[in-house]
Amino acid sequence: MGVTTKLGLYAVGLVVVFAAAFGVGSIVGPVLAEGEGSPSESVEHTPDNGRDHVDGDEEHQR
């Protein structure tokens, strides 16, 4: 077997494996968290005080 044939079979094998994995993933679908209808906390949610992050102890920032 020549180098070109081996590389071609390798590429075809990769395509087959990834296509199979994609097919299985499409059939199984995503795993949903418990309470599908309930909103979850997002990293884009702004806290009630309007600050994006906590810098530490309030006394040390003065």
Who are the side chain to side chain contact (heavy atoms under 4.5 Å, CB included) partners of Thr5, not counting sequence neighbours?
Met1, Leu9
Under the 4.5 Å side-chain heavy-atom rule for ILVMFWY, direct or indirect, which residues accompany Val3?
Leu7
For Ile27, enumerate each residue passing the side chain to side chain contact (heavy atoms under 4.5 Å, CB included) test, keeping only those at least two apart in sequence or located in another chain.
none
Which other residues end up in the same hydrophobic cluster as Val12, if Ile, Leu, Val, Met, Phe, Trp and Tyr are linked when side-chain heavy atoms come under 4.5 Å apart?
Val16
